[in-house]
Asks: 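Sending over a structure as C-alpha cells; questions will come in a sec.
Order of the sequence lines sets the chain letters (A, B, ...), proteins ahead of strands, with each chain counted from 1.
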2 protein chains.
Amino acid sequence: MAKTLGLRKNPLKDEREQAFKQAALKLFSTKGYHKTTMAEVALEAGFGKGTLYWYWKSKEELYFALVEESHNEFVDLVRRAAEMEGTALEKLAWLGKETVELHYRERDYTKLSWKMRAEELETFSPEYVERMHENNAEIKRELQRIIEQGIEEGTLPPADPYYLACMLLGLVEGMEIQWLEDPEAFDLRKAMEMVLSLGAKVAGQRWSD
Amino acid sequence: MAKTLGLRKNPLKDEREQAFKQAALKLFSTKGYHKTTMAEVALEAGFGKGTLYWYWKSKEELYFALVEESHNEFVDLVRRAAEMEGTALEKLAWLGKETVELHYRERDYTKLSWKMRAEELETFSPEYVERMHENNAEIKRELQRIIEQGIEEGTLPPADPYYLACMLLGLVEGMEIQWLEDPEAFDLRKAMEMVLSLGAKVAGQRWSD
DNA sequence: CTTGTTAGACCAACCGGTCAGTCTTAATTT
DNA sequence: AAATTAAGACTGACCGGTTGGTCTAACAAG
C-alpha cells in the first residue's frame with residue numbers, strides 16, 4: 001500500500017505499539033501488575049503473545065514504559081509552572097488546576113502510577129526504581145523553586161522550603177488517593193478549589209513571628 | 001472409660017502465632033504481598049509450611065490479620081481524640097503527635113498498611129475490601145466530628161466538613177508517603193510540628209467572608 | 001530469497017494449598 | 001508415679017494450576 005514515509009519499514013508499527021499500550025494501560029490500571037498476564041494484554045490488543053514480546057522485551061519494561069509516560073506528563077506540568085510568569089500563588093493555582101484536569105483526563109494513568117508507587121518497589125529492577133526516584137526528586141525541586149519565590153514574596157510562611165514542597169505534594173497526592181478510592185464522594189476539582197481558596201485567604205496573613 | 005478428654009491448650013500457641021505474625025510482617029512489609037511466599041514466612045518463623053496453614057487458612061487471611069491490626073490501632077487513636085476534652089485544635093494537635101509516634105513505633109505496620117492501600121484492592125476478596133472500606137469511613141467520620149467542632153469554635157474555616165476531613169487525612173497520608181520513601185530527607189515528626197504550628201498561626205484568622 | 005513480522009504451542013519455574021502421617025504432651029487412669 | 005490415650009501441633013512431599021518468556025513455523029513484502 002501507501003508507503004508514506006520512505007524510512008519507516010512498517011507503517012503499522014506505531015499504531016500497533018499504541019494498541020498494546022492502550023490494552024496494557026487498561027488492564028494494569030484495573031487489575032494491577034501481578035494479576036495482569038501478558039497473554040491477556042496481547043489478547044486485549046488483538047494480537048498474539050509472541051508479537052507483544054516483539055515490541056517489549058519483558059513485562060516489566062512494558063509496565064514502566066506506561067508509568068514513565070504518565071510521570072513525564074506531570075513533571076512537564078510542574079516545570080512549566082515553575083517557568084511561567086507571575087507570582088508564586090498564581091503559579092500554584094495554575095498548577096493545581098492543570099494537575100486536576102490532567103488527572104481527570106487520564107484517570108487510568110493516574111491509577112496506574114499510583115498503584116506502582118505503593119507496589120513492591122523493592123522488587124522491581126533497581127534501574128527502574130532509580131529512574132522513578134529521580135523523577136520524583138525533579139518534581140520536588142521545581143516545586144521548591146516556586147515555594148521559595150512565595151516565601152520571598154511574603155505570601156508563603158518562612159519555613160523550610162523543601163519540607164513545604166513535600167507537604168504540598170503530599171497534600172495533593174493524599175487527595176488523589178481519596179478521589180481514586182471514591183470519586184463520587186470526593187470530587188477532586190472541588191477539593192482543589194477549596195485548597196486554593198483557603199490558601200489565598202491565608203496568604204494575606206502576617207507570617208513573621 | 002474412653003471418656004473424651006477435656007480441652008487442651010498449648011501454652012506456646014500464642015507465642016507461635018506471634019512468631020508467624022512477626023515473620024509475615026517483616027516479609028510483607030519489605031517484599032510486598034505477591035512476592036512473599038508462604039514457604040518463606042514459615043521458614044522465617046522457623047516452622048514448616050503446613051504449620052503456618054494450621055494457624056491461618058489462607059495467605060489472604062494472614063495478610064489481612066496484620067493489616068487490620070494496624071488499622072485498628074489508628075482508628076482507636078482517632079476515636080480517642082474525638083472523645084477527649086478540649087478544643088478542636090487541641091484534639092488535632094494531640095492526634096497529630098500520637099499518630100506520628102505510632103508510625104515511628106510501628107514503621108513496618110505503616111509500610112504494610114500503605115502497600116495494601118494501593119495494592120490491587122480489586123483483586124482481594126470483597127469481604128476484606130469491604131472491611132477496609134468501613135474502617136476508613138469510620139476514621140473520616142470521627143475526624144469530621146472534630147472538624148465540625150472546630151468550625152463552630154471559629155478556629156477552622158466554615159467549609160464542607162467532610163471535604164476538610166478528607167483533605168486533612170490526605171495531607172497526613174501524603175506526608176507518610178514522603179517519609180516512608182525517604183525517611184532521612186523527610187522527618188515526619190518535624191513535618192507534623194510544622195503543620196501544627198502553621199495551623200495554630202492560621203487559626204486566629206477571621207474566616208467569615 | 002531475504003528480511004521483517006506475527007502467532008501460539010510449548011516449557012520450566014513457581015506457588016498456594018493439601019494431606020497422610022509423625023511427634024509431643026496434657027489429661028486421665030491405674 | 002507410671003502408663004495410657006488422643007488432642008492437637010507439626011512436617012514436607014506433592015499436586016494442580018498459572019504465567020513469563022522462548023522458539024519456530026508461517027506468512028508478507030520487496
Asks: Would you please classify the geometry between the A:His103 ring and the A:Trp179 ring as parallel, tilted or perpendicular, with 30° and 60° separating the classes?
Replies: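 It falls in the tilted class, 30° to 60°.
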Asks: Among D:dG21, C:dG17, C:dA7, which is the nearest nucleotide to the side chain of B:Lys59?
Replies: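 Out of D:dG21, C:dG17, C:dA7, the nucleotide with an atom closest to B:Lys59's side chain is C:dG17.
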Asks: So if I take every side-chain heavy atom of B:Lys49 and compare against C:dA7, C:dG17, C:dG8, which nucleotide ends up nearest?
Replies: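 Minimum distance to the B:Lys49 side chain belongs to C:dG17.
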Asks: Would you kindly give the CD-to-C1' distance between B:Glu15 and D:dG8, to the nearest whole Å?
Replies: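 So the CD-C1' distance, B:Glu15 to D:dG8, works out to 17 Å.
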Asks: Are any non-hydrogen side-chain atoms of A:Arg80 and A:Leu77 less than 4.5 angstrom apart?
Replies: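 The answer is yes, as the side chains (C-beta and beyond) meet within the 4.5 Å cut-off.
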Asks: Does the ring of B:Tyr104 carry B:Arg189 above it, NZ/CZ under 6.0 angstrom from centre and within 45° of its axis?
Replies: yes
Asks: Can you label the angle between the B:Phe124 ring and the B:Phe64 ring as parallel, tilted or perpendicular, going by 30° and 60°?
Replies: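 Because their plane-to-plane angle is over 60°, the rings of B:Phe124 and B:Phe64 count as perpendicular.
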Asks: Taking only N and O in the side chain of B:Trp54, is any of them less than 4.0 Å away from OP1 or OP2 of D:dA9?
Replies: yes
Asks: What is the distance, rounded to the nearest whole Å, between atom CD of B:Glu40 and atom C1' of C:dG16?
Replies: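 About 13 Å, once rounded to whole Å.
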Asks: Would you say a side-chain N or O of A:Thr51 is under 4.0 Å from OP1 or OP2 of C:dA7?
Replies: yes
Asks: Between A:Met38 and A:Gly50, which has a closest nucleotide on DNA chain D that is more 5'?
Replies: A:Met38
Asks: Return the value, rounded to whole Å, for the distance between atom CG of A:Leu27 and atom P of D:dT19.
Replies: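 From A:Leu27 CG to D:dT19 P: 13 Å.
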Asks: Starting at atom NZ of B:Lys31, determine the distance to atom P of C:dC15, rounded to an integer number of angstrom.
Replies: 8 Å
Asks: In whole angstroms, how far is the C1' atom of C:dG17 from the OH atom of B:Tyr55?
Replies: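 Atom-to-atom, B:Tyr55 to C:dG17, this comes out as 18 Å.
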Asks: Round to a whole Å and report the spacing from CD of A:Glu17 to P of C:dT5.
Replies: 12 Å
Asks: Quick one: A:Glu60 CD to D:dT19 P, roughly how many Å, whole number?
Replies: 18 Å
Asks: Take atom CG of B:Leu52 and atom C1' of D:dA9, then tell me their distance rounded to the nearest Å.
Replies: 13 Å
Asks: Taking only side-chain N and O atoms of B:Tyr53, does any of them lie within less than 4.0 angstrom of OP1 or OP2 on D:dT11?
Replies: no
Asks: D:dG21, C:dT6, D:dT11: which one has an atom nearest the side-chain heavy atoms of A:Phe47?
Replies: C:dT6
Asks: Which nucleotide in the list D:dT19, D:dA9, C:dT6 gets nearest to the side chain of A:Thr37?
Replies: D:dT19
Asks: With under 30° as parallel and over 60° as perpendicular, where do the rings of B:Tyr63 and B:Tyr33 fit, or are they tilted in between?
Replies: tilted
